[in-house]
Amino acid sequence: MKLKGKDLLGIEGLDREEIELLLSTAESFKEVSEREIKKVPTLRGKTIINLFYEPSTRTRTSFEIAAKRMSADAVNISVSTSSASKGETLRDTAMNLGAMRPDCIVVRHSSSGTPEMLSRYLSCPVVNAGDGAHEHPSQALLDMLTVRERKGAIEGLKVSIIGDIVHSRVARSNIYGFTKMGAEVTVAGPPTMLPVGIERLGCRATSSMEEAVRGADVIMMLRIQLERQSESFFPSAREYSRLYGLDETKLKNAKEGVIILHPGPINRGVEISPEVADGPYSVILDQVTNGVAVRMAIFYLLVGGAREEHHV
Ligand code: CP
């Protein structure tokens with residue numbers, strides 16, 4: 001099994017062994033971020049371009065930090081500073097960036113399939129940092145790493161993903177990831193936010209919040225993605241919160257030792273109450289910490305470097 005030179009377009013295209021490799025490599029990189037000098041020379045001389053056509057706080061920053069902690073040169077391009085705002089096509093953008101010989105391009109875009117399309121014009125690895133409602137593979141990897149760290153293993157866990165499933169690339173990547181790793185995945189949300197046929201991805205679907213919370217080892221709450229909604233999928237934020245928001249009362253039905261994840265950004269008081277988001281079961285900031293290690297592992301495995309080098 002070798003990931004070097006490959007693209008990371010989604011979790012769907014990875015097998016369990018590849019996911020295990022990414023997670024164990026990320027685990028080994030965690031200590032770099034605890035050092036006083038947070039840098040290893042592994043990717044010295046490599047150039048990584050972060051091409052973000054959508055806003056991002058966590059993903060963009062942690063891809064940049066990951067590249068810098070590995071001594072790669074990181075270049076950030078956002079839509080407002082690129083010639084996309086002057087009408088340049090994605091194909092032309094890809095061909096021009098490729099002509100500068102980068103070693104990896106990380107891309108986020110509102111349209112599903114953009115990273116795959118770019119990869120056809122580029123000879124370096126392309127990493128999907130979130131494309132429309134399709135996939136967000138690095139998010140699912142950091143979620144799996146966080147769960148594995150807290151629970152010891154993923155196999156046999158009951159994982160409930162609750163909220164705006166229909167618009168969520170995080171949900172899709174996590175359904176693929178957690179089922180491949182042997183967890184039992186349930187997705188829950190208002191019927192209007194549960195895509196028809198979602199069970200074909202290997203999960204169970206329910207519109208009962210209570211059912212999703214009861215017995216779950218892991219609860220992942222999702223943000224309502226208003227930016228992807230051209231029509232109303234629920235009567236009001238207050239109504240949504242009453243039925244599908246996770247608060248301390250609903251959490252009373254959860255299994256002992258449950259952990260709460262959220263990919264961020266959080267809509268406090270809508271899908272999750274501040275008391276739960278900041279409470280003792282929340283691992284939300286662990287997810288963010290693990291995001292850097294996961295992205296270091298992605299660069300390491302896709303772009304290069306010998307295994308022995310990375311602890312220098
Ligand atoms: N989880 C996530 O993708 O967050 P950002 O949109 O801030 O990158």
Side-chain angles (χ1 to χ4, degrees), residues 8-11 22-23 26 48-69 74-82 104-115 126-147 149 159 161-178 187 218-229 246 259-268 270-272 276-278 282-299:
L8 178 60
L9 302 177
I11 300 291
L22 282 153
L23 298 185
I48 288 164
I49 297 179
N50 290 317
L51 181 58
F52 276 64
Y53 288 93
E54 269 194 331
S56 167
T57 297
R58 283 145 289 268
T59 312
R60 181 177 155 152
T61 311
S62 61
F63 267 118
E64 183 178 353
I65 289 176
K68 289 181 169 165
R69 290 201 176 151
V75 179
N76 296 309
I77 306 173
S78 61
V79 66
S80 57
T81 55
S82 78
C104 182
I105 294 190
V106 179
V107 61
R108 167 171 288 191
H109 202 282
S110 57
S111 295
S112 300
T114 298
V126 172
V127 176
N128 179 3
D131 62 330
H134 175 228
E135 281 229 37
H136 192 348
S138 62
Q139 178 69 45
L141 289 165
L142 71 88
D143 292 338
M144 288 187 273
L145 181 63
T146 306
V147 169
E149 224 170 52
V159 178
I161 305 174
I162 302 172
D164 185 358
I165 308 294
V166 72
H167 298 105
S168 179
R169 53 197 179 205
V170 174
R172 291 175 74 84
S173 287
N174 272 304
I175 294 168
Y176 287 127
F178 278 102
V187 294
V218 176
I219 298 176
M220 184 182 297
M221 298 306 298
L222 300 175
R223 182 175 67 89
I224 296 289
Q225 302 202 27
L226 293 171
E227 71 275 25
R228 297 192 210 287
Q229 297 180 21
L246 187 63
I259 55 171
I260 313 297
L261 285 81
H262 191 304
I266 292 173
N267 285 323
R268 285 174 181 265
V270 181
E271 73 271 5
I272 191 165
V276 174
D278 304 327
S282 169
V283 295
I284 295 171
L285 292 178
D286 293 357
Q287 291 172 265
V288 180
T289 302
N290 284 335
V292 174
V294 155
R295 286 152 185 144
M296 287 172 85
I298 291 169
F299 289 144

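Numbers here are sequence positions counted from 1. Atoms within each ligand, like the ligands themselves, are counted from 1 in listed order.
Under 4.0 Å is where a charged nitrogen must lie from a carboxylate oxygen, and between Arg172 and Asp131 no such pair does. By the 4.0 Å N-to-carboxylate-O rule, Arg60 lies too far from Glu64 to be salt-bridged with it.
For Ile284, the side chain to side chain contact (heavy atoms under 4.5 Å, CB included) partners two or more places apart in sequence, or in a different chain, are His262, Ile266, Ile272, Ala277, Ser282, Gln287.
Residues Ile11 and Ala140 come closest through the heavy atom pair CG1-CB, 3.9 Å.
For the 3.5 Å distance criterion, the side chains of Thr146 and Asp286 fail to qualify, holding no donor opposite an acceptor.
Here Ser173 contributes atom OG and His136 contributes atom NE2; the two are 8.0 Å apart, rounded to the nearest 0.5 Å.
Enumerated by chain and number, the residues approaching ligand 1 to less than 4.0 Å through a heavy atom are Ser56, Thr57, Arg58, Thr59, Arg108, His136, Gln139, Pro263, Gly264.
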